[in-house]
Amino acid sequence: QLQASGGGLVQAGGSLRLSCAASGRTFSIYAVGWFRQAPGKEREFVAAISRSGGNTNYADSVKGRFTISRDNTKNTVSLQMTSLKPEDTAVYYCAAAGGFGYSRTADTTQWYDYWGQGTLVTVSS
């Protein structure tokens with residue numbers, strides 16, 4: 001089970017840190033990704049991190065502003081979001097992908113097996 005948390009209301013230019021916690025699973029065997037879905041839009045890729053934490057991948061829209069990291073000893077993955085924009089407003093989901101090589105990431109939903117419930121991020125202008 002994945003639990004996403006840390007969402008909230010923030011002004012444009014502000015920061016938030018999202019967390020994804022895993023229970024009942026050894027998190028280190030999964031690559032993890034963050035996706036988001038704004039009202040009326042499809043779910044889109046935000047960032048991903050490999051099992052080892054050594055490889056990361058970001059959507060162009062968040063590069064340089066968001067940072068994904070993981071702590072396998074605590075079974076958590078974090079998404080640090082800075083310089084937030086109103087267009088970042090969405091429900092953010094974390095997801096885990098099994099069966100990946102140690103350094104692989106994925107940026108499409110089809111690869112992910114487990115999903116958290118989502119946490120709402122609202123950025124006001």
Side-chain angles (χ1 to χ4, degrees):
Q1 184 176 0
L2 300 178
Q3 181 78 28
S5 62
L9 174 64
V10 64
Q11 288 188 332
S15 300
L16 279 175
R17 187 177 183 89
L18 305 185
S19 292
C20 179
S23 60
R25 303 183 187 277
T26 303
F27 214 21
S28 61
I29 69 173
Y30 297 96
V32 176
W34 285 96
F35 292 78
R36 67 186 181 187
Q37 188 165 17
K41 295 188 177 181
E42 293 188 353
R43 192 167 297 189
E44 65 174 5
F45 170 73
V46 175
I49 190 165
S50 63
R51 289 171 54 192
S52 66
N55 281 350
T56 57
N57 188 18
Y58 297 93
D60 288 343
S61 59
V62 307
K63 277 181 183 176
R65 300 188 298 122
F66 291 11
T67 302
I68 189 170
S69 61
R70 68 188 299 160
D71 185 343
N72 286 337
T73 65
K74 297 181 179 179
N75 270 9
T76 59
V77 170
S78 297
L79 184 69
Q80 179 69 47
M81 307 186 296
T82 63
S83 302
L84 283 162
K85 306 174 181 180
E87 52 263 43
D88 294 318
T89 295
V91 176
Y92 283 71
Y93 299 89
C94 63
F100 274 25
Y102 211 52
S103 300
R104 183 181 171 186
T105 63
D107 60 3
T108 54
T109 59
Q110 66 187 76
W111 294 107
Y112 289 87
D113 306 298
Y114 307 101
W115 291 83
Q117 85 290 356
T119 185
L120 177 63
V121 172
T122 303
V123 184
S124 63
S125 58

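None of these values were measured; they are calculated from a predicted model.
Within the 4.5 Å cutoff, the side chain of V62 has heavy atoms near those of the R36 side chain. Put simply, the side chain of V77 reaches to within 4.5 Å of the side chain of I68, judged on heavy atoms. The side-chain heavy atoms of F27 and C20, taken from C-beta on, include a pair separated by under 4.5 Å. Between R70 and S78 the shortest side-chain heavy-atom distance does not fall below 4.5 Å. A heavy-atom distance below 4.5 Å is not found between the side chains of S50 and Y102. In this structure the side chain of L84 reaches within 4.5 angstrom of the side chain of F66, judged on heavy atoms. Between M81 and V121 the shortest side-chain heavy-atom distance falls below 4.5 Å.
Side chain of T89 to backbone of V123: a donor-acceptor contact under 3.5 angstrom is found. Under the 3.5 Å distance criterion, the side-chain polar atoms of N55 are matched with a main-chain donor or acceptor of S103. No side-chain donor-acceptor contact under 3.5 Å links T122 to the backbone of L9.
By the ring-ring contact (aromatic ring centres under 6.0 Å, His included) test, Y112 is found to be paired with F35, residues two or more places apart in sequence or in another chain being considered. For S5, the side chain to side chain contact (heavy atoms under 4.5 Å, CB included) partners at least two apart in sequence or on another chain are S19. For R51, there are no salt bridge (Lys or Arg N to Asp or Glu O under 4.0 Å) partners, not counting sequence neighbours. Remark: S83 pairs with R65 by the side chain to side chain contact (heavy atoms under 4.5 Å, CB included) rule, at least two apart or across chains. Taking the salt bridge (Lys or Arg N to Asp or Glu O under 4.0 Å) definition, one finds that K63 meets it with D60, sequence neighbours left out. Under the side chain to side chain contact (heavy atoms under 4.5 Å, CB included) criterion, T119 pairs with A4, L18, Y92, not counting sequence neighbours.
Under the 4.5 Å side-chain heavy-atom criterion for ILVMFWY residues, a single connected hydrophobic cluster contains both V10 and L79. Using a 4.5 Å cut-off between side-chain heavy atoms of Ile, Leu, Val, Met, Phe, Trp and Tyr, with links allowed through other members, Y93 and L120 fall into the same hydrophobic cluster. No path of Ile, Leu, Val, Met, Phe, Trp and Tyr side chains, each step under 4.5 Å between heavy atoms, connects V46 with W111, placing them in separate hydrophobic clusters.
Nearest heavy-atom pair across F45 and A59 is O-CB, 3.4 Å. Shown here for L2 and Q117, the closest heavy-atom pair between the two residues is O-OE1, 3.7 Å. Between A12 and S125, the shortest heavy-atom contact is CB-CA, 4.3 Å. Scanning both residues, Y58 and A47, for their nearest heavy atoms gives CD2-CB, 3.6 Å.
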Go through Q3 and S23 one step at a time and tell me if the side-chain contact (heavy atoms from CB on, under 4.5 Å) criterion holds. CA-CA 8 Å; Q3 181 78 28; S23 60; over 6 Å; no
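Remark: D88 CG to S61 OG distance equals 7.0 Å, nearest 0.5 Å. The line from CZ of R43 to OG1 of T109 is 7.5 Å long, rounded to the nearest 0.5 Å. Residue S52 holds its OG atom at 8.5 Å from CG of N72, rounded to the nearest 0.5 Å.
More than 12 heavy atoms of other residues, nucleotides or ligands shown are found within 6.0 angstrom of CH2 on W115.
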